[in-house]
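Chain letters run A, B, ... following the sequence lines, proteins first, then strands; residues in each count from 1.
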Amino acid sequence: MAEIRLAKLAHSYGNGTNALKPLDMTWRDGGTYALLGPSGCGKSTMLNIISGLLKPSEGRVLFDGQDVTDKDTGARNIAQVFQVPVIYRSMTVGENLAFPLVCRRVPTPRIKARVEAIAERLGLSRHLNSRAVALTADQKQLISLGRGLVREDVSAVLLDEPLTVIDPQMKFELRKILKDINREFRLTMVLVTHDQNEALTFADTVVVMNHGEVIQAGTPQELFERPATTHVGTFIGSPAMNFLPAVREGDRVLVPGAGLSRTAPADLPTTDLTLAFRPEHAVAGGPLAGTVTRIWFEGADQVLALSVGDASLRIRAVAGAETVGAIVRFDVPQDCLRLYHQGRLVA
Amino acid sequence: MKTLYLALKYLAIALWSAFVVFPFLWALTTSFKSANGVTGGATWIPWVQYEPSLQGWQSLFGGVGGINVVKPFYNSLVVTLSASVISITLGTLAAYALSRFTFRFLWMRNSDITFFFISQRIMPPIVLAIPFFLMLRSLGLLDSLPGLILVYVALLMPIAVWVMVDFFNGVPRGLDEMAWMDGCNPITTFWRVILPNALPGLVVAGMFCIIFGWNDFFFAFTLTFTETQLLPVAIVSLNSSVTPWWSLSAAALVSIAPLVVLAFVVERFLSKGGLAGAVR
Ligand SMILES: Nc1ncnc2c1ncn2[C@@H]1O[C@H](COP(=O)(O)OP(=O)(O)OP(=O)(O)O)[C@@H](O)[C@H]1O
Ligand SMILES: [Mg+2]
């Protein structure tokens, strides 16, 4: 349980490329975080620096204001779970779970109680005396996870895509277990994932990374409503946000031929502008019109792909009688229109 | 089809077993023969085909014109086991270090250092005979068990390092990292996490060390005179102008006995699944 601060942190693996560009960031004590981003954007690098497996080439790592940059992994008291389950093959499931406590010389009765509690939580009670190698891949991952959770005083639990090997049914269950444990023990948890659904349902703060940079950190709501870059807008939400090339005309920004426009802030550059809105924010009826080119269903809604002037965009609507080729009228509320310059949010 | 396959399989196994067993059988029968029995062609059944004699075995245990094999056997056992244990201990530690930490010595990196160890076994042993002799003499350890143990450690440790480096490289690094995270220091990581995972490697390395150590004749011969005799040297001294096949056969059986026992022990370990799953 600790607040983790990354101060002017940067890392390069020594091959010239910056795996992490300089960044400042604070992970709140007891918060749940999801780290989201494409492959190779530096997510694992960041976690490994926090846990101490990797020494950052620049900057400091602070736990509750204490500089731990030069401390070993063991001294930081971090639990990390990796994509591939790591188990001690020579031990039983129970011994695996007990190992972190045994190493830290916790009294035996206490170990027994903790191991049993955690095993119960993860549904491993029946297997406590089995050899760990004999279990299935997702059970092995539960063991890795369990070894992180047996320590009550752990500073943070870092989960590096731990659910990839777990089957979908179990995934849901596990996320719930993680949430429960977070609430109960008020552990700081960071979950790395490729899956935006997982990120948005698990975390109270979602951190989006790309090319070694943190692009945006915010609540799922903020990420959805005000993506900091066009990249985040594309990455988060399904279907993706609509991005339409726009031009400035006087005090307005508009999408040529589409009828979509909003007021331009003062000192707005005239080139490289994009207007954007969420398919969910379109409302039926209104001044705008488009031809339906494609229809598909997402949950109770349907998504209409429209061509409006030269642009093509998607709107989400309650399932109705629309057919391909029909003209659909819609509107986008002014407060839902976002304006981007060079891919970054302006207004 | 299936029966044919089974029949062929058993035939192959039977042939192979015969190939393996017959030399033993030959040695066993010969060890109970006298000069007459040996020259009378290959015979197998005592009393019927040849008159059994204990002459061969007697000459191993202080009989007329023979030797006493007990002391050399004991010496060989002590030297081989001590040298193997020391080599495995040191070799395993060295191998773990070479597998996990980065070293630099002049231009040499980890792989060069590992190769340096192995290269000790690439040289023909004769090259080492004189240096070893001189070194042991200056230490006053010529013709003594400690001296032989020292030399054998030098010979066996490369094997241990070589086998164990390979095994440790096969144990994922993630395991070390996990152990650190769980609160191990480098020593407990090695002892409680990595070593149990490399147990099959220890068995293999131990087997190699014991076999090489037990079989060595060259250094046992060149570095001793009369005080300390190892089994291979003692056996050779049985030989005379008229080859005593009976004594030599008995000696051969005595000298391979420990290795046969070792083979059975290791075989049990292997078939019990000690190696299964450990070597991916
Ligand atoms: N040991 C290493 N040596 C050199 N470069 C590395 C090393 N590990 C990672 N990198 C590089 O650093 C960058 C960030 O890697 P990192 O593993 O942090 O990405 P990631 O976001 O975790 O990706 P993934 O989603 O695939 O796990 C990548 O470009 C990668 O190629
Ligand atoms: Mg990764």
### Query
Roughly how far, to the nearest 0.5 Å, is CG of A:Leu53 from CG of B:Asp176?
10.5 Å
#### Entry: Among B:Pro196, B:Gly174, B:Ala179, B:Gly183, residue most engaged with chain A (heavy-atom pairs, under 4.5 Å)
B:Gly183
### Task
Please check if atom CZ in B:Phe116 has more than 12 non-hydrogen atoms from other residues, nucleotides or ligands closer than 6.0 Å.
no
### Message
Working note: A:Arg147 + B:Met178, criterion side-chain contact (heavy atoms from CB on, under 4.5 Å); need CA distance, chi angles, decisive distance, verdict.
### Response
CA-CA 10 Å; A:Arg147 271 206 320 269; B:Met178 192 45 88; 3.0 Å; yes
#### Entry: Interatomic spacing from OG in A:Ser51 to CH2 in B:Trp180 - rounded to 0.5 Å
10.5 Å
### Message
Tell me whether A:Asp70 at atom CG has more than 12 heavy atoms from other residues, nucleotides or ligands lying less than 6.0 Å away.
### Response
yes
### Task
Kindly check if the number of other-residue, nucleotide or ligand heavy atoms within 6.0 Å of CZ (B:Arg109) is above 12?
no
### Message
Between A:Val86, A:Asn48, A:Val150, A:Ile87, who has the most heavy-atom pairs with chain B when the cutoff is under 4.5 Å?
### Response
A:Val86
### Message
What's the separation between atom CG in B:Leu199 and atom OG in A:Ser90, rounded to the nearest 0.5 Å?
### Response
8.5 Å
### Query
If you draw a 6.0 Å radius around CH2 in B:Trp162, do more than 12 non-hydrogen atoms from other residues or ligands fall strictly inside?
no
### Query
So how far is it from A:Asn77 CG to B:Met181 CE, rounded to the nearest 0.5 Å?
11.0 Å
### Query
Any idea which heavy atoms bring A:Phe99 and B:Arg192 closest together, and the distance?
CE1-NE, 4.0 Å
### Task
Can you establish whether the number of heavy atoms outside A:Lys55 located under 6.0 Å from its atom NZ is more than 12?
yes
#### Entry: side-chain contact (heavy atoms from CB on, under 4.5 Å) between B:Asp182 and A:Arg151, worked out
CA-CA 9 Å; B:Asp182 284 343; A:Arg151 287 185 272 152; 4.0 Å; yes
### Query
Near B:Phe24 CZ, under 6.0 Å, is it more than 12 heavy atoms from other residues, nucleotides or ligands?
no
### Message
Is it the case that atom CZ in B:Phe208 sees more than 12 heavy atoms from other parts of the structure closer than 6.0 Å?
### Response
no
